[in-house]
Amino acid sequence: MAYTPDENRYESIAYNRCGNSGLKLPAISLGLWNNFGGEDVFENQRKMIRKAFDLGITHFDLANNYGPPPGSAEENFRRILEKDFAGYRDEMVVSTKAGFTMWPGPYGDWGSKKYLVASLDQSLKRMGLDYVDIFYHHRPDPETPLEETMAALDLIVRQGKALYVGISNYNAEDTEKAIDILERQGTPFIIHQASYSMLNRWVEDGLTDLLAKRGAGCIAFVPLAQGLLTDKYLNGIPEDSRAAKQYIRSLNEKDVSPDVIEKVQQLNEVARDRGQSLAQMALVWVLREKAVVSALIGASKVSQIEENVKALEKPDFTESEIDQIEKILR
Ligand code: NDP
C-alpha cells in the first residue's frame, strides 16, 4: 500500500538548532550502520524508516561503508526513498561520510581530496540523490594534511554536493584546528559526530566545551552502547540481538561482561523509579550535555524506535537522580 506520512509527525519531537547554524536536527536521529545492509530484511528496514518519519525523525545518517556489504545501506535507502518518500526530500536531513576503507588501492581510504570527492560522488549515485545535507570526514587521517581534507569538504560544499560539513571521531585538539581551517576557507563547520553514552564519556573531557564555545553542535552516536544500555542484556544474550549476530563484529559476547551488566542493572533501577525504560533514560541523559543536539540511535525493530522517541516525554533529571547515576558510573 502507498505510504502517506502521519500528518501529526511534527508534534512529538523537539528540533534543536545545530550550533550557530540555520539547521535544526531532531532530538533523536536514526542511523543506518546496522540492520540496513544487504543481509537484513528489506521490508523491516522500510517499516523502520516510515515509522521514524511518522514520529518526526527527519534525520537519517549513513556512510559509504554501511552494510554489510559496504554500500548496501545507501542502496537500500535509495529504494526506500523511491518507494515511499518521493516528494519528501525537503523534509529530510540525509548525511553520509567517508574516511574508512571503501575500495582497494591508495584512493579508497582515509582523508585525501581524491578519496573524499570520489566517495561522495559514489554515495550520491547509490542513494539516488543530487546532494546530501551533511557530509562528514569519518575519522582523522594521520598522514594527509588537515588543510587538504578540509579543502575537500569546502570544495564539496561549493560544488553543491553537500549543504553542510562536519567531522567525526576527531579529538578536541584536531577539531579546533579543523574549525580554524574551515573558517579561513569560508565554509562553516557546524557539527561533530562523536560517540557518547553513559558508558563512554570521553567528549566531556574538552570536546563538548570546545564545540559550545565555537558555535558548533554535537550529534551523539551509539548513545545506547549498541543496546547494552537497554533492558536487552539483563538476562543473557538474546538470539535476536546484535551481540548474537555472527556477521556483525562491532559487539560480541565479551562486551556483555558481568561488570557492565551489574552497572546496567543498577541504572535500570534508576530508570524504573523515573518511570522510564533504561533506553529512554540513556537517551535523555546524553541530550543533557552541552552542545549535544541529537542522540543518533540505531534500531532493529519498529517498536524500539517508538520506545526511544517516547524518551522525550521526560527529559529532565532531578539532582538526586543525577547523583545516583554518577555513583553507579564511577
Ligand atoms: P545504539 O547505541 O542506539 O544501538 C542501537 C541498538 O540498540 C539497536 O540495533 C538495538 O539492538 C538496540 N536498541 C535500540 N533501541 C532499543 C530499545 N528500545 N530496546 C532494546 N534494544 C534497543 O546505536 P548504534 O550502535 O546502532 O549506532 C547508531 C548510529 O550511530 C549508526 O547507525 C551510525 O549512524 C552512527 N555511528 C557512527 C559512527 C562513526 O564513526 N561516526 C560509528 C558507529 C555508529 P539489536 O540490534 O540488538 O536489537
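Fair warning: this is a prediction, and the values are worked out from it, not measured in the lab. Atoms within each ligand, like the ligands themselves, are counted from 1 in listed order.
A salt bridge links Arg214 with Glu183: the closest approach of a Lys/Arg side-chain nitrogen to an acidic carboxylate oxygen falls below 4.0 angstrom. Residues Asp6 and Arg9 are not paired through a salt bridge, judged by the lack of any N-O separation under 4.0 Å between the basic side chain and the carboxylate.
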Run the side-chain donor-acceptor check on residues 275-282: report pairs under 3.5 Å with partners two or more places apart or on a different chain.
residue, atom, partner, partner atom, Å
Gln276, OE1, Arg274, NE, 3.1
Gln276, OE1, Arg274, NH2, 2.8
Gln276, NE2, Ala311, O, 3.2
Gln276, NE2, Lys314, O, 3.1
Ser277, OG, Gln280, N, 3.2
Ser277, OG, Gln280, OE1, 3.4
Ser277, OG, Glu307, OE2, 2.6
Gln280, OE1, Ser277, N, 2.9
Gln280, NE2, Glu307, O, 2.8

Atom pairs and distances, donor-acceptor, side-chain atoms in residues 206-213, under 3.5 Å, two or more places apart:
residue, atom, partner, partner atom, Å
Thr208, OG1, Val203, O, 3.2
Thr208, OG1, Glu289, OE2, 2.6
Asp209, OD1, Lys290, NZ, 3.0

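The number of heavy-atom neighbours closer than 6.0 Å to CD of Glu319, taken from other residues, nucleotides and ligands shown, is 12 or below.
For Glu326, the side-chain contact (heavy atoms from CB on, under 4.5 Å) partners at least two apart in sequence or on another chain are Arg201, Ile322, Arg330.
Closer than 4.0 angstrom to ligand 1 by heavy atom are Gly31, Leu32, Trp33, Asn35, Asp61, Tyr66, Lys97, His138, Ser168, Asn169, Gln193, Phe221, Val222, Pro223, Leu224, Ala225, Gln226, Gly227, Thr230, Lys232, Tyr233, Ser241, Arg242, Ala279, Leu296, Ile297, Gly298, Ala299, Ser300, Gln304, Glu307, Asn308, sorted by chain and number.
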